[in-house]
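What you see below is based on every heavy atom in this structure, not just the backbone, and it leaves out hydrogens, waters and symmetry mates. So you know, we letter chains A, B, ... as the sequences are listed, proteins then strands, and number each from 1. The structure presented is a predicted model; accordingly, all values stated were derived computationally and were not measured.
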Amino acid sequence: MDKTVADLATAVAGIEDGMTVMIGGFGGAGAPIELIHALIDRFRATGHPKGLIVVNNNAGNGHIGLAALIEAGMVAKLICSFPRSADPVVFTEMYLAGKIDLELVPQGTLAERIRAGGAGIPAFYTPTSYGTDLAKGKHVEEFDGRPYVRERWLKADYALVKAESADPYGNLTYRAAARNFNPLMCMAARVAVVQASRIVAAGDLDPEGIVTPGIFVQKVVQVANPHQEEDLNRAHATYPLEA
Amino acid sequence: MDKTVADLATAVAGIEDGMTVMIGGFGGAGAPIELIHALIDRFRATGHPKGLIVVNNNAGNGHIGLAALIEAGMVAKLICSFPRSADPVVFTEMYLAGKIDLELVPQGTLAERIRAGGAGIPAFYTPTSYGTDLAKGKHVEEFDGRPYVRERWLKADYALVKAESADPYGNLTYRAAARNFNPLMCMAARVAVVQASRIVAAGDLDPEGIVTPGIFVQKVVQVANPHQEEDLNRAHATYPLEA
Amino acid sequence: MQKLSNNQIAWRAAQDIADGAYVNLGIGFPEKVAQFQPPGREAIFHTENGILNFGEAPPAGQEDWDVINAGKKAVTIKPGTAFFHHADSFAMVRGGHLDVAILGAYEVAETGDLANWSTGPKGVPAVGGAMDLVHGAKRVAVITDHVTKDGKPKLLKRCTLPLTGVGCVTRVYTSLAVIDIEGGRFVLREKLPSISVEDLQSVTGAELLVPGPVADLIVPEV
Amino acid sequence: MQKLSNNQIAWRAAQDIADGAYVNLGIGFPEKVAQFQPPGREAIFHTENGILNFGEAPPAGQEDWDVINAGKKAVTIKPGTAFFHHADSFAMVRGGHLDVAILGAYEVAETGDLANWSTGPKGVPAVGGAMDLVHGAKRVAVITDHVTKDGKPKLLKRCTLPLTGVGCVTRVYTSLAVIDIEGGRFVLREKLPSISVEDLQSVTGAELLVPGPVADLIVPEV
């Protein structure tokens, strides 16, 4: 079994108009910048995919990565917890102009909904958001005398994920807090596409230390020296990047 | 911070009559035999604790570990998925004699209920057991046209857990498939008591490879060469063990 | 009546496992399926207790009792093995990540209902992961003798024993035939050349539909 | 009117964090609390994005942007640090494993309701982990100036801004006082010696109960 693909274009092939795409990362940590840029390249060349529903904790920063995806006009709706950043101008302007929809989800509920999607749990109850505007229209029920809000799973057609090491089976490790939503999104997507800094041989990853078992991963592409979103933004980069 | 305690008796102190105690392990792998035996020792010396509600995947094997706990008459009710084993005579006889209650839970539902208890999710829906005797009396609801059964979280007063390595913060690693329910039970118990084969200094565990972060652990005791239930049973051991 | 051995039933089921498939085999008889993977195809086996991509049993005396399968039998690790906890393991099951689960059966109904966990109110009930597996894998198949030890049909209009799952089985590999479940009916796909459709019907507790050609079920001695 | 600086409010809040406590500090002002841990006590800090037991900020230029806190500021690892994914992180939060969460506030009601995520329908709403934190930690405390920049009370009978959580706050550390919330009422515990209860009441939007002695709120210059 070999889930590795040769290049980024092959990795993001199959993502079509209107699909739901989960994108890993918390701010810049764990953001699969190169996969996102490959998707933008395809859009620039073909006009597709567009009308995407994107799930991410944030809404992009500056003019690279997720912000560039939004700026390109490829995203119809964003499902996130915190659409603010050091430089949130791209999302902010499009949102205030009514050009992009927003579903705001508390961060823990977002994580749990994604995990539920991956784990076959169609709905669960959480105390989070009870009594707030974000619970409006949602089913509320008491357990042991305390009120809880019912939330539905989140699933995706594709997930774009950044990992540290991958083997040909798709077993993954991450780097520090770049882990964040990435393992959950692998679980919740029909096709999890992973950019890994290092592809190693089967058996080279300690089976005790594998964070995402390969069953949750469909495609892996090596990106040996990935960009860090924070570094790009500190350099005021925009996409397409200058060579 | 130092969560290590000096001996097994101190580790299991605090477990009182009628408490719910989760015990890790799947069959013998990951079973905290020494912690269980320490609890039996206390019962033999003091008559307590008794009337325990025990959560485990199984119901013990032979006459050591969980089987010995049941045989000692300390368990009022068992919540498990598979109360059979190579030598299930202890549980079988007590169950058929009406001396112990059984709540039978599908294995994945058991795992998810324990995780839910640890994660603050009071209830969730699962397709598992729909239309079967094990769903009787449970709330059923359709999502996207498919029926699901609602299940409640499981929490415990104490968990008895077997780990491979622990640091003074209670960060844990496990060994192979001895992991099983142990990390979940740490999450779901008010007090998670861990026997670790090795206690190492803070910083000696790779922060990427920690399976149970210390926040889920309250007490750690070193048991350098723990018994493996399977080996004891192959030697037809009974508790108390011969020296 | 000629019939396939358990090994032969397992062999036949193994032929339908695609290269690269993620597979869970029920404890006991279904474990045999792993022995008959067709050459050139790689299946990745999952066990509920937290191992993906494990290898075959170790030689006697070399068991590591922390490396076991759901039946508590010793297995081995190999390059690409991963360990995980029970909640992640059943996320794999319930979340639809397994391509196929192959299970044993007491009874299978034409509705796809399966009974394989309890023979009734006597004794100690035990369910394990069976109820999760039937609602998780993309394809749930059953391997079974076509009839009980007493010669009674195991393929029925409705199950009489406590159910494991409702409408979950889509293919049954028996000692006599390969039968799909479609639209709440048994559809005969393959049968031993030596027995007639009528003979097969006579040991089957619900009508066998024969909408298309029935292939010969030919299995080597294994 | 004399008042405490933000550092002083943070200092006061830090005094109530027990040795060995697991603590989440909201982004921004509450992060300051970490600087004032009393000597001899060790708090273990949790950040929503998947680090437990992280250390202080690295020197400028030595940041690792994969080691950040929920405010996306660089932090450091230290002996005992653990990494985990977002679902495990919020299991810690929602599952009641944190001893205390210290958050900022726009408004706090005597009911314990907190408003700290939205100033109304204008602009881009953003909630982050605030709504999870208020329902997870064993103790939810607020640090805040006693009044708004316009001098209006932030401690109210009922919140006027969109709620973050209902009945969740149990203690408020302000620039003037320490106030508990008990039985749906503000209970004054400490106040600056230089101001009277009447003066404090005049800048508080709901009645302050004074059922027992009020300690002097004395904080060093920090």
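Arg179(A) touches chain B through its side chain: at least one heavy atom from C-beta onward sits under 4.5 Å away, while N, CA, C and O do not.
Between chain B and the options Pro207(A), Pro127(A), Ala176(A), heavy-atom pairs under 4.5 Å are most frequent for Ala176(A). The residue among Asp206(A), Thr126(A), Asp144(A) with the most heavy atom pairs within less than 4.5 Å of chain B is Asp144(A).
Side chain of Arg115(A) to backbone of Met187(A): no donor-acceptor contact under 3.5 angstrom is found. Panel note: side chain Gln222(A), backbone Ile199(A); a donor-acceptor pair is recorded below 3.5 Å. For the pair Asn182(B) (side chain) and Gly30(B) (backbone), a donor-acceptor distance under 3.5 Å is present.
A donor-acceptor contact closer than 3.5 angstrom is absent between the side chains of His227(B) and Glu229(B). Side-chain atoms of Asn58(A) and Ser85(A) include no donor-acceptor pair closer than 3.5 Å. For the residue pair Tyr125(B) and Tyr125(A), a side-chain donor N or O sits within less than 3.5 Å of a side-chain acceptor on the partner.
Of the listed residues (Met185(A), His37(A), Gln195(A)), just one forms a side-chain contact (heavy atoms from CB on, under 4.5 Å) with Pro32(A), and that residue is Gln195(A).
By a heavy-atom distance cut of under 4.5 Å, Tyr148(A), Arg150(A), Arg152(A), Trp153(A) are the residues of residues 148-172 of chain A near chain B, going up by number.
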